[in-house]
Asker: 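First the structure, which I've put down as structure tokens, then a few questions once you've had a look.
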Amino acid sequence: MEKLKHGISNKITAASLLVALGIIYGDIGTSPLYVLKAIVGNRPINEILVFGGISCIFWTLILQTSVKYIWLTLRADNDGEGGIFSLYALVRRYGKNLAIPTILGATTLLADGIITPPISVASAIEGLTMIHGLEDLPTVPIVIVILSLLFFFQRFGTQKVGSAFGPVMVVWFTMLFTMGMIHLLQFPSVLKGLNPYYAYQLLVEYPHGFWLLGAVFLATTGAEALYSDLGHCGRQNIRITWAFVKVCLLVNYLGQAAWLMHQGQPTLAGRNPFFEMMPQWFLIIGIFIATCAAIIASQALISGSYTLISEAMNLNFWPRVAVRQPTESKGQIYIPSVNNILWVGCILMILYFKNSEHMEAAYGFSITVAMMMTTILLSYFLVYRLRWNKFAVVGLLLLFSTVEISFFIANVAKIKERWMFLFFELFIFMVMYIWFYARKINNRFTKFEDLGKYVTQFKELANDDSVPKFSTHLIYLTKANNRHEIEEKTIKSIFSKKPKRADVYWFLHINRTESPYTLTYDVSELVDDKVIKVNINVGFRIQPRTELYFKKIVQDLVLNQELNLHIRPDGSTKYNSEPDFKFVIVEKFLSVENEFKLREGLLLNSYFLLKHLGQSDKSAFGIDKNDVVVEQIPLIYHPVENVHLERIKK
């Protein structure tokens, strides 16, 4: 039932297959727009180059996409959800340093979000220059307008537009298949290009052929999306639709190869085989369909980036930022800050590279890193969760590592074309690294106390009329997993200086679960109607609404006659029957009394800077501003020692 509530189903219906086609194949589905063009470039067209390129594409789709992702990685099902953070949640207990490959993988996937939209849209729009009279059409402004409109409309949600994605992608893949089949039937001899020997010839015998793997890799750049969108479509729907998509892609690549071998010119001279093999009368229609497919590919990447950042926040890899839900559709979110970063990044990409050919030279490096990181995490999943034979896992690891390291080496050559792009990736990596490891340091200095030691004091304070009542119900958020423990800072907040008298003291613990959509709670009453500990288990894909959950829990306890809502003796509840709640959030700040080593100082100072720039705890946890008090306490990590302070005698 939990999966069905979020639209996650493994039922195979025409509708579910259509949804899968519309959501997850935008990136890999638009690859024929530029892959073969990037492989051939301006090199002399010959059999080794064209057939070798086709052979490499075919075996890349078989090994990387079909075997690794469709057959193997989709098994890493975290209650119906996929993606690198879902995979990390499944295996994090089995390795101490698995956070690093997770951060690297997430960083490079996010980086893909600012180059896939411009390269896909630019490749489609550049087809307009083939129309007579539009040869000198400036395509950059058109691409900027399309991308800007796409990012602008994110705030309104994509539910209505998304319903059209499936049919549009069916039209797109049908067009790919038809265009490819027309040329393939004319020149069926290109089928011999599927022979792996041609791939060997291209990579080993062709001059500098190995480096063409950087262009070949573009054929599988959307493979990560097949796993990331597991939760939206279901494993069986993805596997069935992939069979259709793979056939359409391969037929189109073969059709382009057939056109290349018989088009009569020694080089491409800047032409795009994808559009060249279309009949002139169909060109405008083909460009329109290609543009729609490119926009869908861009939308999938943008939505995926929102989901990725949302999961990163909930697993403590990213500072809390504002998250919106633009429609009633569950799971559809909009993150303004991410939207703005991606929009600026995409516009800078198109302004810097100018056209798709230059972007092809820079594209692919990030995704090779993401795939390598997924392979590392996947090996832990196969060994520790599926309990596969370790030798079999090592064999698979060697196979995928050989393929992916080869792609990585070939893509390293693209660094010179994308050096400025590295700053964006470095920024994302450092934010995730700082937030994750500084929080660990911060949590290490959180001291816990046994609540049982303070039972008498709680009773005395609650009944002490000489102390002004702070609130009827006083609620503290706590990190303590143990039902009998509470932070030392919370005890000090209640009893030190100005004691906080209340009728009921609540300690609320938000427990982030490895399952994506868990939403359960348990209650421990430590002192009858006085001290109550509540654990709320929230899945890592759910944005917490703590105050809403708490009020619902109180309502349930009252209905079950487990809790007496206290009525104020001063008569103030006579005019307002709503119970009096007050949340207290105790936040730390970095004390000036600290003396740091270099790494610790950089980590903690950067962490508190990011915390200041990000969303406040009260907003992040879903607490109304009028019901919350925020207290500041210093974090003394490494106090200054040997202070030489000398008194001057008068």
Side-chain angles (χ1 to χ4, degrees), residues 10 24 28 55-106 108-109 194-197 199-200 203 213 216-217 219-231 233-243 245-246 367-411 514-515:
N10 264 313
I24 63 178
I28 200 168
S55 183
C56 285
I57 290 170
F58 174 72
W59 290 104
T60 297
L61 289 175
I62 292 293
L63 289 173
Q64 278 298 104
T65 315
S66 296
V67 176
K68 180 185 172 183
Y69 283 96
I70 297 294
W71 175 63
L72 206 55
T73 311
L74 288 184
R75 293 169 183 260
D77 177 327
N78 189 347
D79 276 1
E81 290 297 329
I84 195 157
F85 283 122
S86 290
L87 185 54
Y88 169 74
L90 287 170
V91 301
R92 59 181 170 181
R93 71 183 73 170
Y94 306 114
K96 288 184 179 179
N97 298 311
L98 291 180
I100 294 295
T102 305
I103 292 171
L104 273 170
T108 47
L109 282 173
L194 302 181
N195 188 331
Y197 178 68
Y200 169 81
L203 300 179
L213 277 177
V216 171
F217 183 73
T220 191
T221 51
E224 279 284 339
L226 306 185
Y227 178 48
S228 298
D229 287 315
L230 172 63
C233 307
R235 184 188 301 132
Q236 296 307 318
N237 287 305
I238 294 173
R239 286 177 171 168
I240 290 170
T241 49
W242 171 242
V245 169
K246 182 171 68 174
I367 303 304
T368 54
V369 177
M371 287 183 172
M372 290 163 70
M373 298 307 106
T374 299
T375 300
I376 292 171
L377 296 176
L378 182 63
S379 63
Y380 277 83
F381 175 79
L382 296 176
V383 170
Y384 293 104
R385 296 299 293 254
L386 296 189
R387 302 191 182 280
W388 281 24
N389 181 284
K390 289 187 178 180
F391 293 106
V393 174
V394 168
L396 284 170
L397 194 61
L398 286 173
L399 172 65
F400 296 134
S401 297
T402 302
V403 174
E404 288 165 1
I405 290 171
S406 299
F407 279 128
F408 176 76
I409 293 169
N411 276 302
E514 292 179 357
S515 301

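Values below: every heavy atom of this structure, side chains too, minus hydrogens, waters and symmetry copies.
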Asker: Is it the case that T374 and K68 place a side-chain donor and acceptor less than 3.5 Å from each other?
Answerer: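 K68 and T374 do not have a side-chain donor-acceptor pair below 3.5 Å.
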Asker: Do F408 and V369 have side-chain heavy atoms sitting under 4.5 Å apart?
Answerer: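 Side chain of F408 against side chain of V369, heavy atoms only: contact under 4.5 Å found.
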Asker: Compare every heavy atom of F407 with every heavy atom of T368, then report the nearest pair and how far apart it is.
Answerer: CG2-CB, 3.9 Å
Asker: Would you call I405 and I409 a side-chain contact if the rule is heavy atoms closer than 4.5 Å?
Answerer: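 In short, these two side chains touch, coming nearer than 4.5 Å.
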Asker: On a heavy-atom basis, which atom in I28 and which in A223 lie closest, and how many Å separate them?
Answerer: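 Smallest heavy-atom distance, with atoms named: CD1-N, 4.3 Å.
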Asker: Do the side chains of F217 and I367 get nearer than 4.5 Å, heavy atoms only?
Answerer: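 In contact.
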Asker: Do T375 and E404 have side-chain atoms, one donor and one acceptor, less than 3.5 Å apart?
Answerer: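 Indeed, the side chains of T375 and E404 share at least one donor-acceptor pair under 3.5 Å.
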Asker: Write down the atom of E224, the atom of A370, and the distance for their closest heavy-atom approach.
Answerer: OE2-O, 3.7 Å
Asker: Please check if atom OH in Y94 has more than 12 non-hydrogen atoms from other residues, nucleotides or ligands closer than 6.0 Å.
Answerer: yes
Asker: Kindly say whether N78 contributes a backbone atom to a donor-acceptor pair with the side chain of S86 at under 3.5 angstrom?
Answerer: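 No: the side chain of S86 does not pair with the backbone of N78.
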Asker: Is any side-chain heavy atom of L396 closer than 4.5 Å to a side-chain heavy atom of W388?
Answerer: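 Heavy-atom side-chain distance check passes, below 4.5 Å.
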Asker: CG of L378 to CG of L87: how many Å apart, nearest 0.5 Å?
Answerer: 6.5 Å
Asker: Do we see a donor-acceptor contact under 3.5 Å between the side chains of W71 and S66?
Answerer: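 No.
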Asker: Under 4.5 Å between any side-chain heavy atoms of Y227 and I84, yes or no?
Answerer: no
Asker: Rounded to the nearest 0.5 Å, how far apart are CG of L377 and CZ of F85?
Answerer: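 If I round to the nearest 0.5 Å, the distance is 10.5 Å.
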Asker: Just by distance, do the side chain of R239 and the backbone of I70 share a donor-acceptor pair under 3.5 Å?
Answerer: yes
Asker: Given side chains that start at C-beta, do those of L61 and W242 come closer than 4.5 Å, heavy atoms only?
Answerer: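 Yes, side chains in contact.
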Asker: Which heavy atom in L98 sits nearest to a heavy atom in T102, and how many Å separate them?
Answerer: O-OG1, 2.8 Å
Asker: How many angstroms lie between CD1 in I62 and CD1 in I57, if you round to the nearest 0.5 Å?
Answerer: 12.5 Å
Asker: Quick one, L203 and L213 - any side-chain contact, counting heavy atoms below 4.5 Å?
Answerer: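 Result yes, sub-4.5 Å side-chain heavy-atom pair found.
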Asker: Given side chains that start at C-beta, do those of Y69 and L74 come closer than 4.5 Å, heavy atoms only?
Answerer: no
Asker: Roughly how far, to the nearest 0.5 Å, is the OG1 atom of T241 from the NZ atom of K246?
Answerer: 12.0 Å
Asker: Do you know the tightest heavy-atom contact between S379 and L397?
Answerer: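 So the minimum-distance heavy-atom pair works out to CB-CD1, 3.9 Å.
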Asker: Counting N and O atoms only, with roles assigned by atom type, does the side chain of R385 sit under 3.5 Å from a partner on the main chain of L90, one being a donor and the other an acceptor?
Answerer: yes
Asker: Would you compute the distance between atom CG of N389 and atom CZ of F391 and round it to the nearest 0.5 angstrom?
Answerer: 6.5 Å
Asker: Is it true that the side chains of T65 and T220 contain a donor and an acceptor less than 3.5 Å apart?
Answerer: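 Yes, side-chain donor-acceptor contact under 3.5 Å.
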Asker: For the OG1 atom of T73 and the CD atom of Q64, what is their distance to the nearest 0.5 Å?
Answerer: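 T73 atom OG1 to Q64 atom CD measures 9.0 Å (nearest 0.5 Å).
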